[in-house]
**Q** 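Sharing a structure here in structure tokens format.
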Amino acid sequence: MVKLKSNDDKEFEVEEAAVIQSEMIKNMIEDGCATSVIPLPNIDSKTLIKVIEYLNKHINMGKAAETGEEDDLKEFDEQFVNMGWEELFDVIMAANYLNIHELMELCCQSAADRLKNKSVRAVREMLKITNDLTEEEEQEIINDAPWAFEGPEIDDTVN
Amino acid sequence: MVTGIHIPEEEILVDILTKLPVKSLLRFKCVSESWKTLISDPYFKRKHLNHAKNKLNFQKFLFDTRSPGKGYDFYCASLSPNGLVNDFRRLVRPSVSTPFYGFKVYCCCDALFLIGIYTENSYSLNEPSMLFLWNPSTSESMVLPRLGSPLQESTYGLGYDSISDDYKVLRIDQEGMAPDEILALKSGSWRKIDHPSIRSDGDGFTMFGRECLPCVHGAFHWLGFRSFMKESLDSFSISDETYGRIPLPKNVRIDPESSELCFMPVEVGMSVLREMLCLFNNNTIIFNLWIMKEYGVQESWTKLLTISSNGASLILPKYRFSNGKVLLWYEVDFIKHTIYRTSDGLTDQIWPFNCDDIDPATIIRDGFVYTESLT
């Protein structure tokens, strides 16, 4: 078992087979630096619980294909990313820090799916971006590909 | 209502944006100066393409149509193993300044198409007077420099050279008389390739098979046909620019003359399916398809399909879905009709091509599967 500590001082025990999906922790274990508690100063307990939930479910990823549990895992993944926008980014930041490739892919795909049909205005709001393009520059981009700005799927709401 | 999130690391933003379709990316160039710069960056474009390459939802089916009075149009739509998806989009025609009376789509590589244009100045019906590259996803196009020796009948191939990070166009003289020429896009001019030994050893070299040079595993490929019925699979490395030869399947006769079906018209060709080189032939009775599972290894040639031609004079493989089904195009009658079917060798069915929105008087011509991408 490996002990992880969140930035709000909560400790969690995780099986080694699960936790080594994190490249960062795997390297620490290999280098013999994981003998006591591993402090994770960037991750709060709420996010860490989500990450551990994912790691435990994906522990037997290789086996899933053999035992026909792929659908089950797919369903879990779909449920897993069903979380708020802020929460999703907390998990993305944690997955990036811990270097968990599959989790990063899953969450970035979910973020992309949520952004895909958004209007420019909605994207700016969802990602706190200030527009620094001039009106002429914007118009030039629109003129290059007007069809990219048209279509019934384009969604101006922020949710 | 969600609270906005600030993404602190560009690396994470890149991970998210590479998963977006082209339409979203072209729109999101308007988000800010830094997004515009990022989305226009060649490194980002390549990363996006590599992500998109083998994902079905980034594959699009492009076909061109001719309709009386209206001329030609290009359309694209998504595809699934069960049929063409009804999300047609009429594409912005490539902007070509010279008036022309005909064009020919040679091939596509990633998101780019190589197209030849015939104008009044064309020397013959076989040689276009102008070539250009077109990315239908972004509607950007680029006219290629003029060819040095336009009198021969040529075959063209388009490929990506990862070593020089550049696309290259190869022109091969079908009769094997004139030197081959290559164009690296960054260099901006055609260059003659030294007469190679492989092409001077035989007495009389002609190329047979369909008209484009499939590029896979860093090389262009074509079927050569020498005297004494000797056939060969020749290759040209896109990075080293050297010729080579790939073994053909054992105990298989590819060329029409020596086939036991020699009294019927036979079509032979090569293509690429899921990054694997494939070889096919057909007459009006039977169609055969082989793939080379491990590049360059003769024993890895595997017969994928042997199916009825359903009377078609020409059958071309277009795409192989992840479930193993191969999408095939049947040309039943030169003008009248084209049919698409899918087959995995065991079951063979019509691939519905529902295009009710397109004028019924329109003639739908050949189609291509390409990757929707920015580059």
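So that the names make sense, note that chain A is the first sequence line, chain B the second, and so on, each numbered from 1.
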**Q** Determine, for A:Glu138 against A:Arg124, whether the closest basic-nitrogen to carboxylate-oxygen distance falls under 4.0 angstrom.
**A** yes
**Q** Quick one: what part of B:Ser40 sits under 4.5 Å from any heavy atom of chain A, side chain, backbone, both or neither?
**A** neither
**Q** Is any NZ, NE, NH1 or NH2 atom of the basic residue among B:Lys186 and B:Asp166 found under 4.0 Å from an Asp or Glu carboxylate oxygen of the other?
**A** no
**Q** Answer yes when A:Glu125 and A:Arg121 have at least one side-chain N-carboxylate O distance shorter than 4.0 Å, and no when they do not.
**A** yes
**Q** Side chain from CB out, backbone as N, CA, C, O: work out which of these in B:Glu140 comes under 4.5 Å of a heavy atom of chain A, or both, or neither.
**A** neither
**Q** Which answer fits A:Ala111, side chain, backbone, both or neither, if we ask what part of it has an atom under 4.5 Å from a heavy atom of chain B?
**A** both
**Q** Please identify, among B:Ser32, B:Ser139, B:Ser34, B:Cys30, the residue contributing the most non-hydrogen atom pairs under 4.5 Å to chain A.
**A** B:Cys30
**Q** Against chain A, work out which of B:Asp15, B:Val92, B:Ile12 has the most heavy-atom pairs shorter than 4.5 Å and name it.
**A** B:Ile12
**Q** Which atoms of A:Phe89 come close to chain B, meaning under 4.5 Å heavy atom to heavy atom: side chain ones, backbone ones, both, or neither?
**A** side chain
**Q** Quick check on A:Asn96 against chain B: is it the side chain, the backbone, both or neither that has a heavy atom closer than 4.5 Å?
**A** side chain
**Q** Which atoms of A:Leu88 are under 4.5 Å from chain B, going by heavy atoms: the side chain, the backbone, both sets, or neither?
**A** neither
**Q** For chain A, which residues from residues 19-29 of chain B have at least one heavy atom closer than 4.5 Å to it?
**A** B:Lys19, B:Leu20, B:Pro21, B:Lys23, B:Ser24, B:Leu26, B:Arg27, B:Phe28, B:Lys29
**Q** Top residue by heavy-atom pair count (under 4.5 Å) with chain B, among A:Asn117, A:Thr130, A:Val120?
**A** A:Val120
**Q** Less than 3.5 Å apart, any donor N or O on the side chain of B:Asp64 or B:Tyr75 sitting next to an acceptor on the other?
**A** no
**Q** Looking at A:Trp147, I'd like to know if the NZ or CZ of B:Arg89 sits under 6.0 Å from its six-membered ring centre while staying within 45 degrees of the ring's axis.
**A** yes
**Q** Measure from the ring center of B:His48 to the ring center of B:Tyr43 and say whether it is less than 6.0 Å.
**A** no
**Q** Begin with the C-alpha distance, continue with both residues' side-chain angles, and end with the deciding distance and a verdict on side-chain contact (heavy atoms from CB on, under 4.5 Å) for B:Ile7 and B:Ile16.
**A** CA-CA 11 Å; B:Ile7 302 178; B:Ile16 295 169; 4.1 Å; yes
**Q** Measure from NZ or CZ of B:Lys318 to the centre of the six-membered ring of B:Phe368, then state whether that distance is under 6.0 Å and the direction lies within 45° of the axis.
**A** yes
**Q** Using 0.5 Å steps for rounding, measure from the SG atom of A:Cys108 to the CG atom of A:Leu103.
**A** 9.0 Å
**Q** Exactly one of B:Phe63, B:Phe88, B:Phe113, B:Trp134 should register a ring-ring contact (aromatic ring centres under 6.0 Å, His included) with B:Phe74. Which one does?
**A** B:Trp134
**Q** Taking atom NZ as the centre, does B:Lys293 end up with more than 12 heavy-atom neighbours from other residues, nucleotides or ligands that are less than 6.0 angstrom away?
**A** no
**Q** Heavy-atom cut-off 4.5 Å, strictly under: side chain, backbone, both or neither for A:Leu127 against chain B?
**A** both
**Q** Please look at A:Thr157 and chain B and tell me whether the side chain, the backbone, both or neither of the residue comes under 4.5 angstrom of a heavy atom of that chain.
**A** neither
**Q** Is any NZ, NE, NH1 or NH2 atom of the basic residue among A:Asp72 and A:Lys57 found under 4.0 Å from an Asp or Glu carboxylate oxygen of the other?
**A** yes
**Q** Would you say the side chains of A:Gln139 and A:Asn143 form a donor-acceptor pair under 3.5 Å?
**A** yes
**Q** The criterion is side-chain hydrogen bond (donor to acceptor under 3.5 Å, both in side chains); which residues satisfy it with A:Thr134, sequence neighbours excluded?
**A** A:Glu137
**Q** Specify which of A:Ile142, A:Asp144, A:Leu115, A:Asp113 makes the most heavy-atom pairs with chain B at under 4.5 Å.
**A** A:Leu115
**Q** Strictly less than 4.5 Å between heavy atoms, which residues of residues 2-12 of chain A line up against chain B? Please order them by number.
**A** none
**Q** Listed by chain and number, what are the side-chain contact (heavy atoms from CB on, under 4.5 Å) partners of A:Glu150, not counting sequence neighbours?
**A** A:Pro146
